[in-house]
Q: 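I have a structure I would like to understand better, so I am pasting it below and will then ask my questions one at a time.
Just the heavy atoms: all of them, side chains too, but no hydrogens, waters or symmetry mates, feed the values below. Each ligand, and each atom within it, is numbered from 1 in the order the structure gives.
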Amino acid sequence: MSQLKQMSHNDNSAPSTPGKFKIEKSPYFNRTRWHSSLAKLTLWSFAFLAVILIFFLRSPSSSASLPTDPSRRSLRTYNWGGSAWEKRVRSSARVRSRNGMTVLVTGAAGFVGTHVASALKRRGDGVLGLDSFNDYYDPSLKRARQALLERTGVYIVEGDINDEALLRKLFEVVPFTHVMHLAAQAGVRYAMENPGSYVHSNIAGFVNLLEVCKSLNPQPAIVWASSSSVYGLNTKVPFSERDRTDQPASLYAATKKAGEEIAHTYNHIYGLSLTGLRFFTVYGPWGRPDMAYFFFTKDILKGKPIPVFEAANHGTVARDFTYIDDIVRGCLGALDTAEKSTGSGGKKKGPAQLRVFNLGNTSPVPVSELVSILERLLKVKAKRNIMRLPRNGDVQFTHANISYAQRELGYKPTTDLQTGLKKFVRWYLNYYSGGKKAVE
Ligand SMILES: O=C(O)[C@H]1O[C@H](OP(=O)(O)OP(=O)(O)OC[C@H]2O[C@@H](n3ccc(=O)[nH]c3=O)[C@H](O)[C@@H]2O)[C@H](O)[C@@H](O)[C@@H]1O
């Protein structure tokens with residue numbers, strides 16, 4: 001510090017007024033010097049510009065930043081409409097079983113969305129998907145899920161839940177009885193990098209969907225994805241739906257909690273039937289590459305070190321990891337028990353159902369154990385880089401009390417982490433071996 005101070009003090013060439021060169025007053029000024037200084041200045045300016053240019057040309061995010069910046073998602077345009085498009089929409093949403101429902105699944109190219117849409121279709125419900133195919137993670141995985149759904153007869157409309165005209169059009173073509181709303185900006189840590197994308201999808205997008213749904217006649221019943229992260233810094237375990245949820249540890253959690261409050265409002269004012277599902281760290285085949293079990297697998301196989309979090313004093317960090325098939329059963333249970341909305345055309349006619357359920361496994365596993373299971377399944381020793389749980393959104397543990405979901409939805413998870421990861425690893429190896437044909 002003092003050295004710095006001394007340097008600037010002794011440096012006679014430093015301008016006395018920042019940003020201005022006082023050439024005339026300089027004791028060193030003469031014509032030859034001035035010419036050579038000008039030449040030097042020009043040379044340095046060119047060099048500087050060249051460096052900037054090279055930086056921008058080489059930077060992977062510069063040229064690609066427009067389409068990949070998720071806060072600009074609202075600027076994307078999608079093609080929809082036309083009679084051929086409407087025919088496809090109608091055909092995808094056609095009910096094939098007695099008493100089947102017609103479900104609009106938002107986020108259908110996502111992990112949970114793909115599994116739920118395909119399960120609904122398999123049992124004869126009419127299903128239409130909606131997805132923005134954003135590039136929060138590798139869009140080719142979303143395209144592969146789309147291809148999978150197409151084979152089962154589910155069409156995914158490409159579009160944003162913020163697009164009111166599109167949502168209105170979809171309901172005009174098909175009077176959906178239910179909406180399974182799974183489109184969201186997920187991930188707890190990414191919220192520090194791109195807060196706007198959470199507001200865009202989890203708040204603005206959700207409100208837009210509810211605005212459209214409330215004005216319909218009849219209004220659909222809505223089941224949507226909340227998150228275990230709403231329990232935030234709570235310490236009482238297992239987490240119960242009756243516990244307070246006012247200490248979120250990430251903006252992601254805060255937007256999910258906001259969603260629950262927004263759901264309350266739309267239920268109260270417009271009579272929309274709303275069920276929020278608090279998912280607990282869902283994993284399995286066709287999963288999300290941003291989640292730990294997924295990128296741990298990738299990096300262990302590559303021989304790359306993996307950051308394994310621990311709490312203060314070597315405290316255990318644990319998650320109530322929940323297998324995708326159990327979650328799908330919970331989602332279907334929620335749809336099947338959802339009562340009709342009571343309002344129509346923006347007017348409430350009577351009280352409507354409002355529910356929130358934990359969908360967890362109710363058996364937390366330490367992250368270190370997750371890594372050990374992966375090591376055994378992959379037959380590769382992980383390079384564990386043990387580090388302190390960063391304060392960027394993660395909480396130390398989650399543990400669901402599922403008795404309410406058990407009672408009301410018949411929810412009963414049956415898959416332990418070892419069994420579920422085995423299925424994931426089988427899918428992963430098959431999918432990334434180049435075959436890309438694995439279907440679990
Ligand atoms: O339960 C939920 O509601 C949430 O579950 C996950 O969030 P998270 O439980 O943090 O899942 P991961 O990011 O896969 O982390 C799993 C565990 O691994 C740990 N971890 C994560 C990343 C890492 O580099 N190292 C590491 O030890 C985390 O602290 C956590 O205990 C999802 O990413 C959220 O979208 C979802 O809403």
Q: Can you tell me if M387 contacts ligand 1 (heavy atom of the residue under 4.0 Å from the ligand)?
A: no
Q: Just jot down the ligand 1 atoms closer than 4.0 angstrom to any heavy atom of R288, in number order.
A: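 Those atoms are 32 (C), 33 (O), 35 (O).
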Q: At what distance is the nearest protein heavy atom to atom 1 (O) of ligand 1, and which residue and atom is it?
A: S228 OG, 2.5 Å
Q: What atoms in ligand 1 come closer than 4.0 Å to a heavy atom of T281?
A: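 Counting atoms of ligand 1 from 1, those under 4.0 Å from T281 are 1 (O), 2 (C), 5 (O), 9 (O), 11 (O).
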Q: Can you sort out which atoms of ligand 1 are near P307, meaning under 4.0 Å from one of its heavy atoms?
A: 23 (C), 24 (O), 25 (N), 26 (C), 27 (O)
Q: Considering the heavy atoms of V367, write down every atom of ligand 1 situated less than 4.0 Å from one of them.
A: 17 (C), 18 (O), 19 (C), 27 (O), 31 (O)
Q: Is it the side chain (CB and beyond), the backbone, both or neither of F279 that lies under 4.0 Å from ligand 1, heavy atoms counted?
A: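 For F279, only backbone atoms sit under 4.0 Å from ligand 1.
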Q: Which option wins on minimum heavy-atom distance to atom 31 (O) of ligand 1: R278, Q396, R319?
A: R319
Q: At under 4.0 Å between heavy atoms, which part of R189 makes contact with ligand 1: side chain, backbone, both or neither?
A: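 It is the side chain that gets close, since no backbone atom is under 4.0 Å.
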Q: Within ligand 1, which atoms have a heavy atom of S229 less than 4.0 Å away?
A: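 Reading through ligand 1 atom by atom, the close ones are 3 (O).
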Q: Knowing that exactly one of F111, Y190, Y252 qualifies, which makes a ring-ring contact (aromatic ring centres under 6.0 Å, His included) with Y136?
A: Y190
Q: Could you check whether any heavy atom of Y283 sits closer than 4.0 Å to an atom of ligand 1, since that is the contact criterion I want to use?
A: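 Contact check Y283 vs ligand 1: negative.
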Q: Run the numbers on R319 and D394 for salt bridge (Lys or Arg N to Asp or Glu O under 4.0 Å), then give the verdict.
A: CA-CA 11 Å; R319 284 292 176 277; D394 269 303; 3.2 Å; yes
Q: For ligand 1, is V395 a contact, meaning one of its heavy atoms is under 4.0 Å away?
A: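 For ligand 1, residue contact (heavy atoms, under 4.0 Å) with V395 is absent.
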Q: Which one of W224, F206, Y266, F176 satisfies the ring-ring contact (aromatic ring centres under 6.0 Å, His included) criterion with H181?
A: F206
Q: Heavy-atom contact under 4.0 Å between F294 and ligand 1?
A: no
Q: Between R145 and E150, is there a side-chain N and carboxylate O pair less than 4.0 Å apart?
A: no
Q: Residue-level breakdown please: for A292 versus ligand 1, do any non-hydrogen atoms fall below 4.0 Å on the side chain, on the backbone, on both, or on neither?
A: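 Within the 4.0 Å criterion, A292 contacts ligand 1 through backbone and side-chain atoms alike.
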Q: Pick from D163, D160, L167, I161: which one makes a side chain to side chain contact (heavy atoms under 4.5 Å, CB included) with N208?
A: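 With N208 as partner, D163, D160, L167, I161 yield a single side chain to side chain contact (heavy atoms under 4.5 Å, CB included), made by L167.
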Q: In terms of residue, atom name and distance, what is the protein heavy atom nearest to atom 27 (O) of ligand 1?
A: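 Looking at atom 27 (O) of ligand 1, the protein heavy atom closest to it is F309 N, 2.9 Å.
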Q: Say whether, by atom type as modelled, one donor and one acceptor occur between the side chain of Q353 and the main chain of E339 under 3.5 angstrom.
A: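 It does hold such a pair.
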Q: Does K349 NZ have over 12 foreign heavy atoms under 6.0 Å away?
A: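 For K349, atom NZ is crowded (more than 12 foreign heavy atoms under 6.0 Å).
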Q: Counting each atom of ligand 1 from 1 as listed, which ones have a heavy atom of S227 under 4.0 Å away?
A: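 That gives atoms 2 (C), 3 (O), 37 (O) of ligand 1.
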Q: Please work out whether any backbone atom (N, CA, C, O) or any side-chain heavy atom from C-beta onward of V308 is under 4.0 Å from ligand 1, and answer side chain, backbone, both or neither.
A: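 Just the backbone.
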Q: Does the side chain of N267 pick up a donor-acceptor pair with the side chain of K348 at under 3.5 Å?
A: no
Q: Show the atoms of ligand 1 that are less than 4.0 angstrom away from any heavy atom in V317.
A: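 In order of number, 29 (O), 31 (O).
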Q: Any idea which part of M291 is under 4.0 Å from ligand 1, heavy-atom wise: side chain, backbone, both or neither?
A: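 Answer for M291: both.
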Q: Identify whether NZ of Lys or CZ of Arg in R143 sits under 6.0 Å from the centre of the six-membered ring of F133 and within 45° of that ring's axis.
A: yes
Q: Kindly assign one of parallel, tilted or perpendicular to the pair H264 and H268, based on the angle between their ring planes and the thresholds 30° and 60°.
A: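 Aromatic pair H264/H268 classed parallel.
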Q: For atom 10 (O) of ligand 1, grab the closest protein heavy atom and report residue, atom and distance to one decimal in Å.
A: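 Protein heavy atom at minimum distance: D394 OD1, 3.5 Å.
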Q: Can you tell which part of F280 has a heavy atom less than 4.0 Å from ligand 1: side chain, backbone, both or neither?
A: backbone
Q: Hey, do the aromatic rings of Y283 and F294 have their centres closer than 6.0 Å?
A: no
Q: Are R278 and E260 close enough, and set up right, to give a salt bridge (Lys or Arg N to Asp or Glu O under 4.0 Å), and what steps lead you there?
A: CA-CA 10 Å; R278 292 177 178 167; E260 293 187 356; 2.7 Å; yes
Q: Could you grab the distance from atom CE of M101 to atom CG of L120, nearest 0.5 Å is fine?
A: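 Reported value, rounded in 0.5 Å steps: 6.5 Å.
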Q: Measure the distance from atom 37 (O) of ligand 1 to every protein heavy atom, then report the residue, atom name and distance (to 0.1 Å) of the closest one.
A: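 Among all protein heavy atoms, the one nearest atom 37 (O) of ligand 1 is Y252 OH, 2.6 Å.
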Q: When you compare the side chains of S240 and N401, does any donor N or O come within less than 3.5 Å of an acceptor on the partner?
A: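 The answer is no; no qualifying pair exists.
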Q: When the ring centroid of F321 is compared with that of F280, is the distance short of 6.0 Å?
A: no
Q: Report, in ascending order of atom number, the atoms of ligand 1 lying under 4.0 Å from any heavy atom of A186.
A: 35 (O)
Q: Contact between T398 and ligand 1, counting heavy atoms under 4.0 Å?
A: no
Q: Check F397 against ligand 1 and report side chain, backbone, both or neither, counting heavy atoms closer than 4.0 Å.
A: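 None of F397 does.
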Q: Which part of L389 is near ligand 1, with near meaning a heavy atom under 4.0 Å away: side chain, backbone, both or neither?
A: side chain
